[in-house]
There are 2 protein chains.
Amino acid sequence: MNREHATAQSARSSFGGGFAVDVRIVLLTVHDGSLSVAALPDGDGWQLPRGVPLASMPLDSAARLLLAETTGLHEDYLEQLYTLHVNDGDDWIVLISYLALVASGSGLPVTEAVWLAASSTGFGDVDRMVLDYAIVRLQAKLGYTTVAFHLMPEQFTLTELQDVYETALSMQLDKRNFRRRIIASGMLEQLDEKRRDGSHRPARLYRFRAGHDPQAYLTPQWADGA
Amino acid sequence: MNREHATAQSARSSFGGGFAVDVRIVLLTVHDGSLSVAALPDGDGWQLPRGVPLASMPLDSAARLLLAETTGLHEDYLEQLYTLHVNDGDDWIVLISYLALVASGSGLPVTEAVWLAASSTGFGDVDRMVLDYAIVRLQAKLGYTTVAFHLMPEQFTLTELQDVYETALSMQLDKRNFRRRIIASGMLEQLDEKRRDGSHRPARLYRFRAGHDPQAYLTPQWADGA
DNA sequence: CCAAAAGTGTTCTCGATACACCCATGT
DNA sequence: ACATGGGTGTATCGAGAACACTTTTGG
């Protein structure tokens with residue numbers, strides 16, 4: 001690599017004085033069979049987990065920290081979505097939005113935080129836009145990545161995996177085709193155990209094969225922290 | 001839409017005091033048959049067009065303005081890439097990167113600005129990362145969008161279009177398959193004129209059909225300015 | 001008539017879709 | 001024995017890749 005022209009660069013570029021910066025996180029999961037988002041009460045409505053990032057750490061780390069503070073959860077997946085400049089009253093705020101995922105069934109340790117159906121009303125306009133965009137991104141990524149991994153517990157059956165896909169995509173999928181594709185992709189590892197949970201044939205358990213999360217090409221390799 | 005809980009939101013979130021914010025723009029084009037990037041001299045190396053955005057406008061507009069100031073060009077396409085928090089000497093800077101495109105053959109009115117081959121050395125580490133990522137994004141988008149449009153002049157031949165694709169992708173394409181796909185996509189409009197430019201059969205001219213730039217789903221619809 | 005780029009069709013492979021029945025278990 | 005969800009195979013279609021010759025012009 002080349003040396004960094006840090007001095008010349010900063011001399012010319014930095015110091016715009018002070019921008020207000022705000023991080024907002026769309027934390028999604030599948031909860032009770034519907035795509036759900038973590039929300040905090042805000043007056044008579046709801047808001048997304050948010051906060052001002054600490055100044056001296058990568059943004060991703062700051063987002064993780066804020067998410068832990070507001071919801072008590074450590075996400076399984078975090079991806080930057082988009083940066084906006086919004087007019088909030090008199091001031092303009094630089095707003096950096098993130099998509100985070102946790103495994104289906106995760107509780108919310110922080111008492112005020114709740115899971116809402118992703119289609120719920122009661123969010124502010126900006127939060128609503130960010131939330132809608134997060135859903136679009138998640139759906140797109142389910143198609144060509146293994147993000148679904150981060151919505152699943154350690155072990156699961158193929159039917160459970162299909163349910164998560166169907167919920168997140170709000171679309172029915174063919175069982176045989178789904179299984180064929182998933183197996184063919186090589187991202188699953190078959191376990192020996194089976195799950196017995198009713199008066200019917202037990203289901204074989206699977207887990208995701210290590211090193212099978214290409215993380216997609218939408219997020220740069222470095223992804224902050226440089 | 002729901003009312004915005006602006007007061008409650010800002011009370012809780014804003015005021016992190018002052019973050020230094022910097023915008024960097026990767027302006028790409030095809031120049032002399034190679035993928036090229038607009039660069040400005042920086043000591044004995046080069047830097048990307050950059051600057052501090054004006055505080056009271058959407059980031060996209062600020063980026064456009066900075067690009068015009070530094071290169072004298074008005075881009076045909078602008079897309080946000082990624083936001084980083086980088087450690088520049090003692091200070092941390094919030095760095096918002098953009099990808100911009102202009103038509104092949106555009107000159108650079110500002111005297112210091114030059115077109116460099118996109119693979120050139122002499123950029124700082126951060127600029128290099130941002131540049132590499134911009135190229136990956138452009139290549140990915142050529143596959144499933146009509147961004148190539150913004151790299152072409154008003155009218156062009158199929159061979160010229162193919163040349164741009166081949167340059168940007170650094171990959172050879174089959175002439176017949178390329179034409180079939182491009183025509184089948186319906187994004188081109190055949191013109192009556194032909195271009196005579198040598199001792200050989202003249203080529204039919206095309207232009208992009210209006211309203212055929214789905215702008216991809218990677219960029220949110222609102223894309224700033226809310 | 002020769003050089004140079006424009007233009008044009010067919011075959012093959014592979015991934016995606018549609019679709020219906022038998023299997024293992026608990027009660 | 002029956003109800004319940006688990007599990008499997010085959011035929012069809014369309015998109016993408018490989019591949020070579022004829023056409024039109026200027027010199």
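Every chain is numbered from 1, with letters handed out A, B, ... down the list of sequences. Computation of the quantities below employed the complete heavy-atom set of this structure, encompassing side-chain atoms and omitting hydrogens, waters and symmetry-equivalent molecules.
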Centroid-centroid under 6.0 Å between F156(B) and Y206(B) rings
no
For chain A and DNA chain C, what are the first and last nucleotides along the strand, 5' to 3', with at least one atom under 4.0 angstrom from a heavy atom of the protein chain?
dA16(C) to dG26(C)
Minimum-distance pair of heavy atoms, taken over all atoms of E75(B) and V102(B)
CA-CG1, 3.7 Å
What is the nucleic acid contact for T159(A), judged by heavy atoms within less than 4.0 Å: base, sugar-phosphate only, or nothing?
sugar-phosphate
Can you run down the ring pair (Phe, Tyr, Trp, His ring centres under 6.0 Å) pairs that involve residues 183-202 of chain A, sequence neighbours left out, and say none if there aren't any?
none
Would you say R179(A) places a side-chain N or O within less than 4.0 Å of OP1 or OP2 belonging to dG7(D)?
yes
Tell me whether E79(A) is salt-bridged to R137(A), with the criterion being a basic N under 4.0 Å from an acidic carboxylate O.
yes
Nucleotide by nucleotide, 5' to 3', does protein get under 4.0 Å of the base (B), only the sugar-phosphate (S), or neither (-) in nucleotides 17-27 of chain D, counting heavy atoms?
BBBB--BBBB-
Does any N or O in the side chain of T167(B) come within less than 3.5 Å of the main-chain N or O of L35(B), such that one atom is a donor and the other an acceptor?
no
Under 3.5 Å, is there a donor-acceptor pair between the side chain of Q139(B) and the main chain of A168(B)?
yes
Does a salt bridge link E193(A) with R207(A), judged by any charged N lying under 4.0 Å from a carboxylate O?
no
Should the pair D127(B)-R50(B) be classified as a salt bridge under the 4.0 Å nitrogen-to-oxygen rule?
yes
